[in-house]
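Below, chains carry the letters A, B, ... as their sequence lines are ordered, and counting in each starts from 1.
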Amino acid sequence: MDRVIPDLLIWYRQNARDLPWRNTQDPYRIWVSEIILQQTRVEQGKSFYMNFINNFHDFCHIANSPEDSILRVWQGLGYYSRARNMIKTAEIICHDFGGKMPANHKQILSLPGIGAYTAAAIASFAFGLPHAALDGNVRRVGSRFLGLYEVLGSKQSDKIITEYLEQHIPINEAGEFNQALIEIGATVCKPQKPDCHSCPLSKQCVAYQKNTQNELPVVARKKAPVNSYLDYMWLEADGYTWLTKRDNHGIWKGLYEFPSKTRDAETRNFPFEDWIINPEYASILSVKEYKHQLTHRTIYARLWHLSTSLNNIVNKNEFTRIESVSIEAYPVHRLMLKFIEQKETTTHHD
DNA sequence: AACACGGGGGT
DNA sequence: ACCCCAGTGTT
């Protein structure tokens, strides 16, 4: 690789996208950007990054803020455990490391929410430490450049790529080298139709030499999503509505939503008799069906919009009664945003 | 090694 | 529909 590294670095300096987290060496900002960009496209992450650093200025600021306020900024981005792990990491850095990210790869790697990729990215981008940062881009570039048929992301594949890169990483330009490889993967060595003719690595790329760039990398087959069926209760009474905070289950942990029950695919009965004292005194404003597609799950949700009086509602500890107008202060998932947004769009219909 | 974990955009 | 995204933590 030594022969193409100068070409790679020159290419990067001429072609790097101007991204908001690239104009800083601040480990805090680099950390924020790297967490946001986990399994998230650059274009999707930009506005969340700007919003995040405008609301939270350093590690101790996060550590001293309520969980709901961080989740509220994260709302709609997905993989919410990232935000909760950021709080844990911010607390550790604020209390044990004097409020500053340690300039040490092993200590960075030990922090919650920071795995092999993110630790190497922070270590190299912020501190110039020579660790290979293998994300999806670099794995693909490495697989093609070295002509690997090991399954992408497998132990063997990662080991080969990591050892190769750390053997060749320029000791004084580790950060730029890693960013350049990521940039090549994102903009040139794309999953489909790579632009090999404009790639600074092509003259040493095994796949390009053998014309196998379209059959590499070898990717494991994905699992089909499973279906789940839910009834949600959007209950309004005298200007109040009810939410619950998800905690013990897997999905959307820490976010708020309307009270819900799981159901069978074909069930259509009114499911909330035990939450309302006299169902006949509650009016059904609407019943709407929603299909919400996640990566690993398809949710068929039915939203029951109900209206009744306060004294007709069973008091349950797990339900939080809030003023209807204050709902936007609570962090909610995307499906909840779909539920709520219909309110503003149905201000008038015959 | 396999799985759970969101949401969005490209083809 | 299916793929993939500046992946991590748990089982």
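Counting to the nearest Å, the P atom of C:dC5 and the CZ atom of A:Arg17 are 12 Å from each other. The separation between A:Gln75 atom CD and B:dG7 atom C1' is 13 Å, rounded to whole Å. The distance from atom NZ of A:Lys222 to atom C1' of C:dC2 is 10 Å, rounded to the nearest whole Å. When the P atom of C:dG7 is taken as reference, atom CG of A:Leu109 falls 16 Å away, rounded to whole Å. With rounding to whole Å, A:Ile251 atom CD1 is found 11 Å from B:dA4 atom P. If you take NE2 of A:His131 and C1' of C:dG7, they are 18 Å apart, rounded to a whole angstrom. The CG-C1' distance, from A:Leu294 to C:dC5, rounds to 16 Å in whole Å. Rounded to an integer number of Å, the gap from A:Lys291 NZ to C:dA1 C1' is 10 Å.
The phosphate of C:dT8 has OP1 or OP2 within less than 4.0 Å of a side-chain N or O from A:Thr118. Contact check, A:Gln39 against C:dC5: no side-chain N or O comes under 4.0 Å of OP1 or OP2. Applying the 4.0 Å criterion to OP1 and OP2 of C:dG9, one finds that A:Tyr79 has every side-chain N and O outside that range. A close approach under 4.0 Å does occur between a side-chain nitrogen or oxygen of A:Trp252 and OP1 or OP2 of B:dG7. The shortest distance between the side-chain N/O atoms of A:His296 and the OP1/OP2 oxygens of B:dC5 is below 4.0 Å. Regarding contacts with the backbone of B:dA1, every side-chain N or O of A:Lys155 stays at 4.0 angstrom or more from both OP1 and OP2. Taking only side-chain nitrogens and oxygens, A:Arg334 comes nearer than 4.0 Å to OP1 or OP2 of B:dG8. Neither OP1 nor OP2 of C:dC4 sits under 4.0 Å from any side-chain N or O of A:Lys190.
Comparing A:Gly113 and A:Gly185 against DNA chain C, the residue whose closest nucleotide sits nearer the 5' end is A:Gly185. Residue whose closest nucleotide on DNA chain C sits further toward the 5' end, between A:Ile114 and A:Leu19: A:Leu19. Ranked by how close their nearest DNA chain B nucleotide is to the 5' end, A:Ser154 and A:His292 are led by A:Ser154. If A:Thr40 and A:Gln192 are placed on DNA chain B by their nearest nucleotide, the residue sitting closer to the 5' end is A:Thr40.
Taking atom P in both C:dG9 and B:dG8, one finds a spacing of 24 Å when rounded to whole Å. Nucleotides B:dG6 and C:dT10 are separated by 14 Å at their P atoms, to the nearest Å. Taking atom P on both nucleotides, B:dC5 is separated from C:dA1 by 23 Å, rounded to a whole Å.
When each of A:Glu34, A:His131, A:Gln38, A:Arg139 is paired with A:Tyr117, the side chain to side chain donor-acceptor pair (under 3.5 Å) condition holds for A:Glu34 and for no other. Exactly one residue among A:Phe339, A:Tyr330, A:Phe319 makes a ring pair (Phe, Tyr, Trp, His ring centres under 6.0 Å) with A:Tyr256. That residue is A:Tyr330.
Ring centroid separation for the pair A:Trp31 and A:Phe59 comes in under the 6.0 Å cut-off.
Of the candidates C:dC4, B:dA1, B:dG7, the closest approach to any side-chain atom of A:Gln156 belongs to B:dA1. In this structure, the nucleotide among B:dG7, B:dC5, C:dC5 sitting nearest to the side chain of A:Gln44 is B:dG7. Listed nucleotides B:dG8, B:dG7, C:dT8 differ in distance to A:Arg41; the shortest reach to its side chain belongs to B:dG8.
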### Task
Mind running salt bridge (charged side-chain N to carboxylate O under 4.0 Å, His left out) on A:Arg84 and A:Glu67 for me, showing each step along the way?
CA-CA 7 Å; A:Arg84 294 196 312 281; A:Glu67 174 182 300; 5.5 Å; no
### Message
Using the rule given for salt bridge (charged side-chain N to carboxylate O under 4.0 Å, His left out), can you reason through A:Arg268 versus A:Glu289, listing the C-alpha separation, both sets of side-chain angles and the distance that settles it, and then say yes or no?
### Response
CA-CA 11 Å; A:Arg268 304 201 61 84; A:Glu289 310 272 348; 3.3 Å; yes
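Heavy atoms of A:Val138 sit nowhere under 4.0 angstrom from any nucleic acid atom. Among the heavy atoms of the strands, none lies under 4.0 Å from A:Lys253. Across all strands shown, A:Ala116 has heavy atoms under 4.0 Å from sugar-phosphate atoms exclusively, and none from any base. Across all strands shown, A:Gly45 has no heavy atoms under 4.0 Å from either base or sugar-phosphate atoms. Across all strands, A:Trp74 comes closer than 4.0 Å to no nucleic acid atom at all (heavy-atom distances).
Remark: A:Lys261 is positioned above the aromatic ring of A:Trp275, its terminal NZ or CZ atom under 6.0 angstrom from the ring centre and at most 45 degrees off the axis.
The SG atoms of A:Cys60 and A:Cys94 sit under 2.5 Å apart.
A:Leu8 and A:Tyr208 are members of different hydrophobic clusters when ILVMFWY side chains are connected at heavy-atom separations under 4.5 Å.
Interface remark: the A:Arg22 side chain does form a donor-acceptor pair with the C:dA6 base, using a distance-only criterion of under 3.5 Å. One cannot find a donor-acceptor pair under 3.5 Å joining the base of B:dC5 and the side-chain atoms of A:Arg297. In this model, a side-chain donor or acceptor of A:Thr295 finds a partner on the base of B:dG7 within 3.5 Å.
B:dA4 is paired with C:dT8 under the criterion used here, namely a Watson-Crick or G-U wobble arrangement in which both key atom distances are under 3.5 Å.
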